[in-house]
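The sequence lines fix the lettering, A, B, ..., with proteins before strands; numbering per chain opens at 1.
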Amino acid sequence: MSRQAIQRLGFAVLTIVAVLVVAPIFLVVAVVVFRGLQGISWEFLTAMPRDGMKAGGIFPAIVGTLLLTSGTALVAVPMGLGGAIYLSEYAHDNWLTRAVRLALVNLAGIPSIVYGLFGLGLFVLFLRLGTSVVAGSLTLAMMTIPVIISTAEEALRAVPTEFRTVNLSLGGSRWQGIRRIVLPQALPGITTGIILGLLRAAGETAPILFTVAAFYMPQLPRSPLDQTMALPYHLYVISTQVPNMPGTIQYGTALVLLALVLSMNILASVIRTYFRRRRQW
Amino acid sequence: MVDPISAKIRFEDVSYAYGKDTVLRNIKLGIPSNHITVLFGPAGSGKSTLLRLINRLNDLADDTSLTGRVLLDDEDIYAAGTDVAALRRRVGMVFALPLPLPGTIRYNVLYGPTLGSIQKQADLDSLLVQSLQRAALWDEVKDRLDSPANRLSGGQQQRLCIARSLAQQPEVLLLDEPTSGLDPISTAKVEESLMELERECTIVIVPHSVQQGARLSDYAAFLLMGELVEQGPDKQLFTAPKDKRTEDYVTGRFG
């Protein structure tokens, strides 16, 4: 075989591998969209479920997921950002920060069901929050904080040190440099990290299983201490726990969840590209 | 040796080390007020460290030790309770590479003043014009004060950095090889503006070449491996050095 032929063969193999990698994603999306669209209607999006969830809509699950995601953001964004700023801008390299970093890496690797059990123990039982939106949000926040810290820290570190030195040499405090130069420069990276972290929280089932999710609750939560339905758990329930569930409802729910998560994902990419183009150094 | 009374900055027996690595040994030096002082020597001689001791920028490094005293207007700037931010407003610094902050020309020049007390728009405007004029950049940028600073040429960026320091109305201006990245024409412009500035400001510069040192020197100090070998007024070190090592260095026998 000539060298050109070998090269062509090599490229062909690589192309096939690349297609094989992305094919499942397109398949999943295609199937969900195709079968899900049949189930989507105005009523499906805005009505309460009826007849043991076999009819009606998924409104409370949508609202529940939005509530939980907002609750998670409320806790995880300030804590994650604070942690990232501390680690990147203030912390010295000592045993404490090394331990914190090690913990972050390990937290990111913990299975989500373990977070769920921990949330049950700490928030639901020990802190007596009950199965509630608060307990669920806190549990999801615990899972999200490490993601936000590590992406935000990376974004902060990507800002050249020299800017900080210039700020100090002009008599600025460390915090003034962070607020006026470093944070604005790192903001696109931080925002993407936050969105991706929240996205994962929005799609998780295990952490909310014991801490907030209601099996069947055809009404909206009336207080933060109420239970709520949520899309991922609802999908799990109607797919595995209820016999004779119409496929349109299952796939419709999946489509709504997918659309929610995917649109946030796209938003993150748009923010990233937009700011990268405007970056000035 | 400069009469210690007229010195703006004095190093009294200063030794400095990073960990166990001593980079400055028993420096005794007086830097005259409203003149250009040139600190020169081969790489690793400690001249940048010496410069950074004056605005305490070396505070950022971990595990360092300083003995002796550094005095600005006869006050020990390493004394406990020194307001470091205030010190750095009095002692400006320009780095080897032009480092404009992300933002407009206006933003860069007024960065320092807006950190502190000056908030009145009229004051800021006049400060902007004044600083750019003193850095010999005004004519080139007066029509595009709100365009991004990084669109300027390297030489303009460096003069912008000088203007940014000048906007703080510093008493001392430190320059660490400010023209090392610049072409000869830009270098000449920077040097010209420095010679203008020395009337109102004490300037300490680490030159990027011996020749530049000779051009600018009102007072010069030669450093070698952390030791101050020789110091003297005007161009004395470049024309009639007393120490053999200084002579060897300025005539290009080593370095």
Exercise. So, the side chain of N265(A) versus the backbone of A268(A): is there a donor-acceptor pair under 3.5 Å, distance only?
Worked result: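 The answer is no, because no donor-acceptor pair under 3.5 Å joins these two groups.
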For this session: Spell out the residues in residues 195-205 of chain A that have some non-hydrogen atom less than 4.5 Å away from a non-hydrogen atom of chain B, in order of number; otherwise answer 'none'.
Result: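 Listed by number: none.
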Problem set entry | Which atoms of L174(B) approach chain A - backbone, side chain, both or neither, heavy atom under 4.5 Å | neither
For this session: Considering only NZ, NE, NH1 and NH2 on the basic side and carboxylate oxygens on the acidic side, decide whether K47(B) and D176(B) come within less than 4.0 Å.
Result: no
Seminar exercise, completed: In short, ring pair (Phe, Tyr, Trp, His ring centres under 6.0 Å) pairs touching residues 88-108 of chain B with sequence neighbours left out are Y107(B)-Y111(B)
Exercise. So what's closer than 4.5 Å to chain A heavy atoms on L57(B): side chain, backbone, both or neither?
Worked result: side chain
Exercise. Where does V91(B) contact chain A at under 4.5 Å (heavy atoms): side chain, backbone, both or neither?
Worked result: backbone
Exercise. Can E171(B) and K8(B) be counted as an ion pair, charged N to O under 4.0 angstrom?
Worked result: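 So E171(B) pairs with K8(B) through a salt bridge.
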For this session: Side chain from CB out, backbone as N, CA, C, O: work out which of these in R174(A) comes under 4.5 Å of a heavy atom of chain B, or both, or neither.
Result: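 Only the side chain of R174(A) comes within 4.5 Å of chain B.
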Exercise. Can you list the residues that meet the salt bridge (Lys or Arg N to Asp or Glu O under 4.0 Å) rule with E177(B), with sequence neighbours excluded?
Worked result: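 If we apply the salt bridge (Lys or Arg N to Asp or Glu O under 4.0 Å) test to E177(B), skipping adjacent residues, there are no hits.
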For this session: May I ask you to say whether K189(B) pairs ionically with E140(B), meaning some side-chain N is under 4.0 Å from a carboxylate O?
Result: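 Result for this pair is yes, salt bridge flagged.
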List, one per line, each side-chain donor-acceptor pair under 3.5 Å for residues 67-78 of chain A, sequence neighbours excluded.
{"residue": "T69(A)", "atom": "OG1", "partner": "T65(A)", "partner atom": "O", "Å": "2.6"}
{"residue": "S70(A)", "atom": "OG", "partner": "L66(A)", "partner atom": "O", "Å": "2.6"}
{"residue": "T72(A)", "atom": "OG1", "partner": "L68(A)", "partner atom": "O", "Å": "2.6"}

